[in-house]
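Here, residue 1 is the first one in the sequence, and each next residue gets the next number.
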Amino acid sequence: MYQVVRKMFFTDCRCVEDASNVYDDLFAKLDANKDGKVDVAELKAGLAAMGIASGKGAAQKIISSGDKDKDDGLDFNEFSKYLREHEKKLRLTFKSLDKNNDGRVDFMEIKQSLADLGLDISKEEAQKILQSIDVDGTMTVDWNEWKQHFLFNTATNLQEIVRYWKHSTVLDIGESLSIPDEFTEEEKTSGMWWKQLSAGAMAGAVSRTGTAPLDRMKVFMQVHSSKSNKISLASGFKQMLKEGGVASLWRGNGINVLKIAPETAIKFMAYEQFKKMLSSEPGKVKTHERFMAGSLAGATAQTAIYPMEVMKTRLTLRKTGQYTGMFDCAKQILKKEGVKAFFKGYVPNLLGIIPYAGIDLAVYESLKNFWLSRYAKDSANPGILVLLGCGTLSSTCGQLASYPLALIRTRMQAQASLAGSEQLPMNLMVKRILQKEGFFGLYRGILPNFMKVIPAVSISYVVYENMRDRLGIQK
């Protein structure tokens, strides 16, 4: 049966009328109950019976993509239209991969195509990807093999491999210093990029709101905790609840959520510009160029929204009745301390971008390449648990490296609002903390910071997936 289906489908020269007959025969085989339409269960069972491999959840995605009249099934017109359009996309992708136009794709062409999309892999990893598509064992893939592999998979191109491994859009652990995601030309021209950024921003907003009490505790411990004034999680929360009630646990969250949109938009636009300026070859971005462009984009975005960062710290630490809201906070800072106050802690904040973004990117790339080299046998899709694990671990490593600078930044932002607090520059503050509290004094508040990572990642992912569905982003 499998060979029959292969012959029916995977021949190069086929006129429109013959193609229609092929689709007609296949539709008849899949329409088990002969009601004139193919539903998810029939498609899944029919493809399995014919020995045609399809990805996890592919049957549902195929029906959803082709079902124009929303009756939870495909009639023959919808079925044939979906296959024709899908085949066109596959043909275009195959031609773009076939760099030397010999009608076959080898592992070097796959490696080059992925490099063009910002994903550097070794020859061995490219060979493993090729083997998952190669049917006849020649270590090259012709059009028939390519079509055979992807016709009933919703992925149309190798950009899907890159999409699997995107992580910064999805994960929001309260810091915005990671390298921005790569968007393909197709995503940019179709407008899909802004939908993905919007979904990521919404995920970040809900995630930050959900973990705001732990974030406030982190800031509280960074500023007030010391050897002489030890603050535990229990005593800290008790103190906050006594001073301002349950609502006080969310102080500073409003502006923390509000700054997501401008920061994301500025970072994305700046990143695209810096990539063009720094790339040695047009349209190709190497890993070190991506790091440099991402760091500069992060610095640009942080500079633009930094006054909001200062206000967030002040609002987070405020006592009941100190400010009536964001505008009152800005007004009082301006009146008492001047414009300069809005940029206190700017230098350690800027310096923190390099270790955070660098280590985040390096750890993530290492984990990704390790997985691809060890476990990518049948698919480049690692599954959600591996993705979330890699993203969480790399972001946590980045935070661990940049945390002392984040603590210095927060103390500098807060010191003017603390009664009797001395206004110290960055170098003297570091010296004083090391003298009085030792090295671990630079890691005050690290416990609540790590405690919020897993809930933040979980909330981010759930909200992001829901937003993708609502915005119609193809998975």
**Q** Give the minimum heavy-atom separation between Lys452 and Asn449, together with the two atoms involved.
**A** CG-O, 3.2 Å
**Q** Within the 3.5 Å criterion, strictly below it, is a donor on Asp106 or Thr140 matched to an acceptor on the partner's side chain?
**A** no
**Q** Is there a side-chain contact between Thr300 and Tyr271 in this structure, where contact means two heavy atoms from C-beta onward sitting under 4.5 Å apart?
**A** no
**Q** Do Met311 and Phe342 have side-chain heavy atoms sitting under 4.5 Å apart?
**A** yes
**Q** Verify whether one side chain among Asn349 and Glu309 offers a donor that lies under 3.5 Å from an acceptor in the other.
**A** no
**Q** Is Ile454 atom CD1 crowded by more than 12 heavy atoms from other residues, nucleotides or ligands, each under 6.0 Å away?
**A** no
**Q** Pairing donors with acceptors under 3.5 angstrom, does anything connect the side chains of Tyr443 and Gln222?
**A** no
**Q** List the residues meeting side chain to side chain contact (heavy atoms under 4.5 Å, CB included) with Leu350, not counting sequence neighbours, and say none if there are none.
**A** Ala299, Thr303, Tyr346, Ile353
**Q** Looking only at non-hydrogen atoms, find the nearest pair between Leu197 and Phe268 and report the distance.
**A** CD1-CG, 3.8 Å
**Q** Tell me if the NZ atom of Lys81 is crowded by more than 12 foreign heavy atoms within 6.0 Å.
**A** no
**Q** Under a 4.0 Å N-O cut-off, is there an ion pair linking Lys218 with Asp215?
**A** yes
**Q** Counting only heavy atoms not in Met202, do more than 12 fall under 6.0 Å of its CE?
**A** no
**Q** Hey, is CG on Asp72 packed in by over 12 heavy atoms from elsewhere, all under 6.0 Å?
**A** no
